[in-house]
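Proteins come first, then strands; the chains are lettered A, B, ... in the order of their sequence lines, and each starts at number 1. Values reported hereafter were calculated over all heavy atoms of this structure, with side chains retained and with hydrogens, waters and symmetry mates removed. Remember, predicted model here, so these are calculated numbers, not experimental data.
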Amino acid sequence: MTIELNPQQKHAAEFEDRHALVLAGAGTGKTRTIIARAAYLIGRGVSTHRLLLLTFTRRAAKEMIRRLTQMIGEADSRIMAGTFHHFCLYTMRRMPKYFGVENATVIDRDDQVQLMKLIRGHYHKSTQQLPRAAELVNLCSYARNTNQATADYLEQHTEYDPDIMEVIVKIAQDFTHRKQLNNYLDYDDILFLFAKKLHEDPVLRDRIRGFYDHILVDEMQDTNPLQWLILDGMRDPAKLFCVGDDAQSIYAFRGADFKNVHAFKERVPDSVVLRLEENYRSTQGILDLSNWLLRQSSIPYDKELQAHRRTLSKPKLIDFDNEFDEARWIAQDLIERHETGADWKDHMIITRTGWGARAVESLMVENNIPYRFIGGVSLLQAAHVKDLLCLIRAAASHLDELAWTRYLTMWPRIGDVTATRMIEAMKPEPSIDQALDVLRARLKDRTQIIEGVKGVLDYWKEPSRIIQEAAHFLKPLMMKRYDNWDLRRHDFELLGRLAGRHRSIMAFIETYTLDPVTATVVERLEQDDVVTLTTAHSAKGTESPVCYIIRVEPGVYPYVKSMGIFEQEEEERRILYVAMTRAQDELIMTRTYQRGMLYSAAGRFGLQENNYFMEDLDDDLVDIEDAGYGPDRFSDYDVIRPWNRI
DNA sequence: GAAGCGTTATACTAT
DNA sequence: ATAACGCTTC
């Protein structure tokens, strides 16, 4: 089976002998071209294990591999495809002599924040007005990903008092140190460590450069300086084939730098820039509006998407009195479409923030519309799942202080202080067994606490059994802790099934730490025909025949917090652009004019800027409807909030 | 001194 | 839902 390509796509897919940057606008067949290139190279005799495919999410990697398999058969299973984080960790694990990270535990954002809290508490006594732990993690993470010293970053890009800056720098050092002591790797460490060794050790660099002939990179505009260092260190003789679109860059907040796109030609000698310009996804009406949005920017994107399709289908913008009317209308519209033969799965609802969709979610539940939420709280972040995983992690290593703190403090009469003391006492011990002996001496008659850990270790080789055992063991504690235990316990069945697919329990935990699965009630039932509810960020790279963008209103586009900061406001514009360009046949935007919390938040920030993106709309571009539904009925609905989604 | 309880405030995007 | 905080109990 071959793939049909237009001349530009074909030229890109079959490009030879040089590095290439492919500038591909939304819907121009970016994924198709990458797959076609992989197939072309394989057809030309390049061995599958000499190809490296770097994507933005694992979901995207899986999708590409699936489509490639359709084309060329099973041979592709040996292609290394995944995120930068995945690839780096995989490679480091396979080269223990150079990296020494075999026993490291990968920690997620929650764990980072948890650890940061411990450190912050230490400084908080003497210094007032320190940023909160989550913000401190953001600062450290951003500096790392942009490869700057924390002090430089703070001075150039923030406005903290000099004495606060000094403390933050110290905290950042402590944070790094504390991670090393615990043998933790966070997302940033994975990239940093790999990039560092790659550039420091010429022998290692030569070995890694010898691994691949072609490196294909998706979503180049969202790569950060650290990721650039990795690509730069791995090229030659390997050829880079990077695909991206500066108009879709929406991850500057975590260090993405579109210099990686703009400066490609200067940075990579003997490279060419190719373009894909014809849009196959959307109707011209949808593209006219998207083009208009970009033209309002003072940044020259130099981009006018042209539809290959003939139909116009003008986008709609519908006004409501409040978010419940908005949600009720969407639910009703979905039901009508479904009744007249449309599939649920052909509908996507795009939200700027996870909790901006709360009313929509309530109405979906109320109307029994099957849906899945992408981009929210993941299964592994739910409190009860964390409890269980921490018991398992505690059994895996007596040095994992976050896991031990959580496990120990679940028990009555053990709080932070007691737990910390016990953990300190275990630290010098060489093995988990000896550490447990130390613990036993301190716990005296409360041997149950140790039995739990032993119980897990007894079944160490059977991932799904461990989950069962741990869940059974923790049941009495959790029943006391959570009043909705009956709802929560079902997650452990799912968890057990997922774990059963992995070689080892720790491999399972690691996989889902790097690639969080969001699971809503429906997804757990593993249905296929469901409406997708997603954040604009998670929608990148996907498409849907019918797209609803909700809360397209002042304070959301641009988001209040970005107001007054040029680069951030422009990123917000691109977020809306990404959302609009997901639509294939119909684009329906909705907004509410209640002076909701977000809008009034703008006032609280003291910002009165008139910078709403959908102001001054041309009648030719959008049909605006007023669907005022009368008095609000807020109290009629149970509001689903982001945190009780699970 | 530490644990535990009730009260209050809280909010973006994510590998 | 959960963190932070102050207050009471062990």
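- For A:R132, the listed nucleotide lying nearest its side chain is C:dA4; candidates were C:dA4, C:dT2, B:dG1.
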Please lay out, stage by stage, how A:D108 and A:Y187 fare under the test side chain to side chain donor-acceptor pair (under 3.5 Å).
CA-CA 7 Å; A:D108 65 9; A:Y187 296 132; 5.6 Å; no
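- Residue contacts shown for A:Y251 are limited to sugar-phosphate atoms, with no base heavy atom under 4.0 Å away.
- Across the protein-nucleic acid pair, A:D186 atom CG and B:dA14 atom P stand 18 Å apart, rounded to whole Å.
- Ion pair A:D387/A:R481 flagged as a salt bridge, since at least one NZ, NE, NH1 or NH2 atom sits closer than 4.0 Å to an Asp/Glu carboxylate oxygen.
- With B:dT15, B:dC12, B:dG4 as the candidates, the nucleotide lying closest to the side chain of A:Y559 is B:dC12.
- In this structure, the CD1 atom of A:I550 is 12 Å from the P atom of B:dT13, given to the nearest Å.
- Across all strands, A:N138 comes closer than 4.0 Å to base atoms (heavy-atom distances).
- Put simply, CZ on A:F373 is 13 Å from C1' on B:dA14, counting in whole angstrom units.
- Considering only the side chain of A:R352, B:dT13 comes nearest among C:dA4, B:dT13, C:dC10.
- In this structure, CZ of A:R120 is placed 7 Å from P of C:dA4, rounded to the nearest angstrom.
- Contacts of A:R59 with the nucleic acid, taken as non-hydrogen atoms under 4.0 Å apart, are absent.
- Using a 4.0 Å heavy-atom cutoff across all strands shown, A:D188 reaches no nucleic acid atom at all.
- A cation-pi contact, defined as under 6.0 Å to the ring centre and within 45° of the axis, is absent between A:R93 and A:Y90.
- Distance A:Y142 OH to B:dC12 P: 18 Å, rounded to the nearest Å.
- Here A:A536 lies out of heavy-atom contact (under 4.0 Å) with every strand.
- Side-chain atoms of A:T592 and A:R551, non-hydrogen and from C-beta on, do get closer than 4.5 Å to each other.
- The side chain of A:H537 sits closest to B:dT13 out of B:dT13, C:dA3, B:dT15.
- If you measure from atom CG of A:L118 to atom P of C:dA4, you get 10 Å, rounded to the nearest angstrom.
- The side chain of A:P412 sits closest to B:dG4 out of B:dC12, C:dA3, B:dG4.
- A:E135 places its CD atom 18 Å from the P atom of C:dA3, with the value rounded to the nearest Å.
- The side chain of A:S562 places no N or O atom within less than 4.0 Å of a non-bridging phosphate oxygen (OP1 or OP2) of B:dC12.
- Closest contact between the side chain of A:H85 and the listed nucleotides B:dT15, C:dA4, B:dT13 involves B:dT15.
- With the nearest nucleotide of DNA chain B identified for both A:T409 and A:R58, A:T409 has the one nearer the 5' end.
- Contact check for A:V531 versus A:I349: side-chain heavy atoms found under the 4.5 Å cut-off.
- A distance below 6.0 Å separates the ring centres of A:F253 and A:Y251.
- Taking a centre distance below 5.5 Å and an interplanar angle below 30 degrees as the stacking criterion, A:F253 stacks against the six-membered base ring of B:dT13.
- Contact check, A:R421 against B:dA2: a side-chain N or O comes under 4.0 Å of OP1 or OP2.
- Side-chain atoms of A:I575 lie closest to B:dT13 of the nucleotides B:dA14, B:dG4, B:dT13.
- A salt bridge links A:E570 and A:R573; the closest N-O separation between the charged side-chain nitrogens and carboxylate oxygens is under 4.0 Å.
- Across the interface with DNA chain B, nearest-nucleotide mapping of A:Q568 and A:N145 shows A:Q568 to be the residue nearer the 5′ end.
- For the OP1/OP2 pair of B:dA11 and a distance below 4.0 Å, the side-chain nitrogens and oxygens of A:T353 include no atom meeting the criterion.
- Going from atom NZ of A:K386 over to atom P of C:dA1 covers 16 Å, rounded to whole Å.
- Nucleic acid contact for A:I250: none, since no nucleic acid atom lies under 4.0 Å from a heavy atom of the residue.
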